[in-house]
There are 2 protein chains.
Amino acid sequence: MFSLSEENYLKAIYHLEKQADSGVSTNAIAEQMDTKASSVTDMVKKLSDKDLAIYRKYQGVQLSEAGKQTALQIIRKHRLWEVFLVDKLNFSWDEVHEVAEQLEHIKSEKLITELDKFLDFPKRDPHGDPIPDAKGNFQVANKTLLSNLEIGDFGKVVGVKDSSSEFLKYLDKNNIALGREIHILDKEKFDESMLVEINEKQLRISPIVSSNIYIKS
Amino acid sequence: MFSLSEENYLKAIYHLEKQADSGVSTNAIAEQMDTKASSVTDMVKKLSDKDLAIYRKYQGVQLSEAGKQTALQIIRKHRLWEVFLVDKLNFSWDEVHEVAEQLEHIKSEKLITELDKFLDFPKRDPHGDPIPDAKGNFQVANKTLLSNLEIGDFGKVVGVKDSSSEFLKYLDKNNIALGREIHILDKEKFDESMLVEINEKQLRISPIVSSNIYIKS
DNA sequence: ATTTTTATTTAGCTTTGCCTAAAAATAATT
DNA sequence: AATTATTTTTAGGCAAAGCTAAATAAAAAT
Ligand SMILES: [Mn+2]
Ligand SMILES: [Mn+2]
Ligand SMILES: [Mn+2]
Ligand SMILES: [Mn+2]
């Protein structure tokens with residue numbers, strides 16, 4: 001169907017489109033994909049020719065409906081594989097992304113249908129992100145960043161914004177995991193750092209940490 | 001490490017080397033890989049440069065020790081994935097090969113170690129082929145082709161030589177599966193066809209069938 | 001309203017893996 | 001042994017996906 005490279009571009013554009021309101025810029029894609037702007041221009045033209053994206057010179061790109069659906073199916077596969085790795089193969093949540101990046105490109109309808117069933121139709125991946133169904137539908141959780149909470153608030157950790165291995169290892173070290181109750185004891189006006197209670201222990205966290213943890217409050 | 005294409009060539013050469021006694025010919029590889037002889041020459045030079053193969057112009061190729069080990073690890077992955085698909089995801093033995101061709105190229109040491117463990121260290125794949133261990137070792141079964149048996153002989157089906165979907169479906173239709181007892185009732189001298197009893201039913205099979213079924217007798 | 005800076009595109013080149021057609025080597029026949 | 005047929009290699013090209021450097025458009029600053 002589509003090349004590995006095309007699939008990766010679609011995924012990147014999909015993710016960038018959620019933040020940007022207008023078209024996604026060439027440079028934004030280049031940065032996300034760790035490639036050069038000129039390469040992006042080439043590919044974006046190709047996606048446009050294949051009606052996977054809408055592109056006007058100097059105006060950025062947006063995914064077409066077909067492009068969005070394709071991206072969602074790749075994301076579906078990525079996240080299902082992540083669940084598989086954690087639930088069945090003893091991977092930790094900081095180890096799965098790299099491997100899922102490869103597995104998401106395997107082409108087999110039956111494989112993904114059966115994997116979904118085998119995993120008992122999970123709704124979220126190990127990082128708390130929603131798993132689209134075969135039609136591309138998924139639940140958007142009403143979550144907020146930990147950094148938005150105020151002194152005295154309670155909440156439950158439901159996801160991470162940054163899912164880099166480094167950040168996840170930091171969370172592990174401090175016993176912060178999905179599902180944990182968190183209580184805001186203090187918030188420093190000066191540097192926005194927070195004192196929180198989690199797992200019956202007190203912990204001071206910097207804003208770079210609190211702005212990468214999703215909370216359901 | 002190695003490209004998808006390089007890995008496929010190594011695998012093809014490995015399989016061809018088992019039959020051919022001298023070096024594997026360019027044309028044989030081209031046919032196996034469904035490509036052109038000139039493309040094979042190119043790739044074989046590259047493998048030779050990387051010390052994965054020994055190649056002398058017009059004399060065919062052989063795998064080096066490194067090349068053989070690499071091939072065996074790909075075969076290991078291929079067969080483990082086939083077991084996974086059949087044992088865990090309800091695939092039938094005629095559906096797995098295509099998907100395993102893709103999955104065998106996923107790069108992750110941990111993935112394959114854990115998959116092996118998850119499957120309880122299987123020794124054979126769904127077609128009866130041995131699964132090499134992490135060091136490339138595997139048991140060679142003492143098996144023979146059904147076509148070599150004589151009238152009155154008994155045996156057990158332990159593998160298939162042709163594992164094309166068409167052949168496997170034919171076997172399914174006639175209730176021939178791994179582990180089944182088989183009894184040779186008659187063998188026609190003229191066309192080498194056989195009358196066998198399997199599953200308490202009599203069945204006449206052509207030499208093209210009997211020479212693609214492995215028996216342990 | 002210019003000028004300067006930044007972003008984007010174009011042009012031209014590289015590598016990988018493949019192809020066709022022609023040339024060269026090897027194998028098979030006569 | 002010479003000729004013919006087959007196999008293999010070489011030469012020259014193509015498409016995908018990347019890159020650098022130069023040109024152009026858009027945005028920001030003066
Ligand atoms: Mn991921
Ligand atoms: Mn994830
Ligand atoms: Mn197979
Ligand atoms: Mn097999």
Side-chain angles (χ1 to χ4, degrees), chain A residues 1-14 16-17 19-63 67 70-71 74 101-102 104-105 107, chain B residues 1-14 16-17 19-63 67 70-71 74 101-102 104-105 107:
Chain A
M1 199 72 176
F2 302 112
S3 76
L4 191 135
S5 197
E6 289 169 337
E7 292 192 347
N8 283 333
Y9 272 94
L10 289 173
K11 203 168 44 125
I13 297 168
Y14 177 87
L16 290 166
E17 219 171 5
Q19 286 146 302
D21 25 36
S22 57
V24 178
S25 80
T26 304
N27 265 358
I29 300 170
E31 193 181 354
Q32 171 97 355
M33 304 219 25
D34 198 29
T35 185
K36 296 301 155 77
S38 54
S39 306
V40 173
T41 302
D42 284 351
M43 179 56 87
V44 142
K45 280 179 183 166
K46 197 160 64 153
L47 295 176
S48 182
D49 287 346
K50 294 191 175 188
D51 287 318
L52 294 166
I54 297 107
Y55 165 66
R56 288 190 336 280
K57 274 187 194 178
Y58 297 101
Q59 307 301 300
V61 244
Q62 288 167 269
L63 293 187
T70 306
I74 300 161
E101 284 291 311
Q102 299 177 62
E104 71 188 6
H105 301 289
K107 271 127 186 130
Chain B
M1 198 70 176
F2 301 112
S3 77
L4 191 133
S5 197
E6 289 168 337
E7 291 192 347
N8 283 333
Y9 272 94
L10 289 173
K11 204 168 43 122
I13 297 169
Y14 176 87
L16 290 167
E17 219 171 5
Q19 285 146 302
D21 25 35
S22 58
V24 178
S25 80
T26 304
N27 266 359
I29 299 170
E31 193 182 354
Q32 171 97 353
M33 304 221 21
D34 198 29
T35 184
K36 297 301 156 79
S38 54
S39 306
V40 173
T41 301
D42 284 351
M43 180 56 87
V44 142
K45 280 180 184 168
K46 198 160 61 153
L47 295 177
S48 181
D49 286 348
K50 294 190 176 188
D51 287 318
L52 293 165
I54 296 106
Y55 165 66
R56 286 185 344 274
K57 274 188 193 176
Y58 297 101
Q59 307 301 300
V61 243
Q62 290 169 266
L63 294 186
T70 307
I74 300 161
E101 284 291 310
Q102 299 178 62
E104 71 187 6
H105 301 289
K107 270 126 187 130

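Here is the naming used below: chain letters follow the sequence lines, and residue numbers restart at 1 for every chain. Hydrogens, waters and symmetry mates play no part in the numbers below; they use all other heavy atoms, side chains included. From a predicted model like this one, the values you see are computed outputs, not experimental measurements.
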Output yes when at least one side-chain N/O atom of A:Y9 is less than 4.0 Å from OP1 or OP2 of D:dA16, else no. no
Tell me every residue that passes side-chain hydrogen bond (donor to acceptor under 3.5 Å, both in side chains) with B:E17, counting only those two or more places apart in sequence or in another chain. none
Can you give each donor-acceptor pair under 3.5 Å made by side-chain atoms of residues 23-36 of chain B, sequence neighbours left out, with the distance rounded to 0.1 Å?
{"unit_1": "B:S25", "atom_1": "OG", "unit_2": "B:A28", "atom_2": "N", "d": "3.1"}

So do B:Y14 and B:T70 actually touch side chain to side chain, heavy atoms under 4.5 Å? no
I need the residues from residues 53-60 of chain B with at least one non-hydrogen atom less than 4.0 Å from DNA chain D; give them sorted by number, or say none. B:Y55, B:K57, B:Y58
Separation of atom NZ in B:K45 from atom C1' in C:dT16, rounded to whole Å: 15 Å
Quick one: look up who D:dT30 pairs with, Watson-Crick or G-U, both distances under 3.5 Å, and put none if it's unpaired. C:dA1
Please list all pairs passing the side chain to side chain donor-acceptor pair (under 3.5 Å) test where one or both residues lie in residues 47-62 of chain A, with sequence neighbours left out. A:E6-A:K50
Does a nitrogen or oxygen in the side chain of A:S5 sit under 4.0 Å from OP1 or OP2 of D:dG18? yes
Hey, does B:E101 have a side-chain heavy atom less than 4.5 Å from the side chain of B:K11? yes
Between B:D42 (CG) and C:dT15 (P), how many Å, whole number? 15 Å
Do B:L52 and B:Y9 have side-chain heavy atoms sitting under 4.5 Å apart? no
Can you tell me how far apart CZ (A:F2) and NZ (A:K107) are? Round to the nearest 0.5 Å. 9.0 Å
Those residues of residues 27-39 of chain B lying under 4.0 Å from DNA chain D by at least one heavy atom: B:N27, B:A37, B:S38
Who pairs with A:K45 by salt bridge (Lys or Arg N to Asp or Glu O under 4.0 Å), at least two apart in sequence or on another chain? none
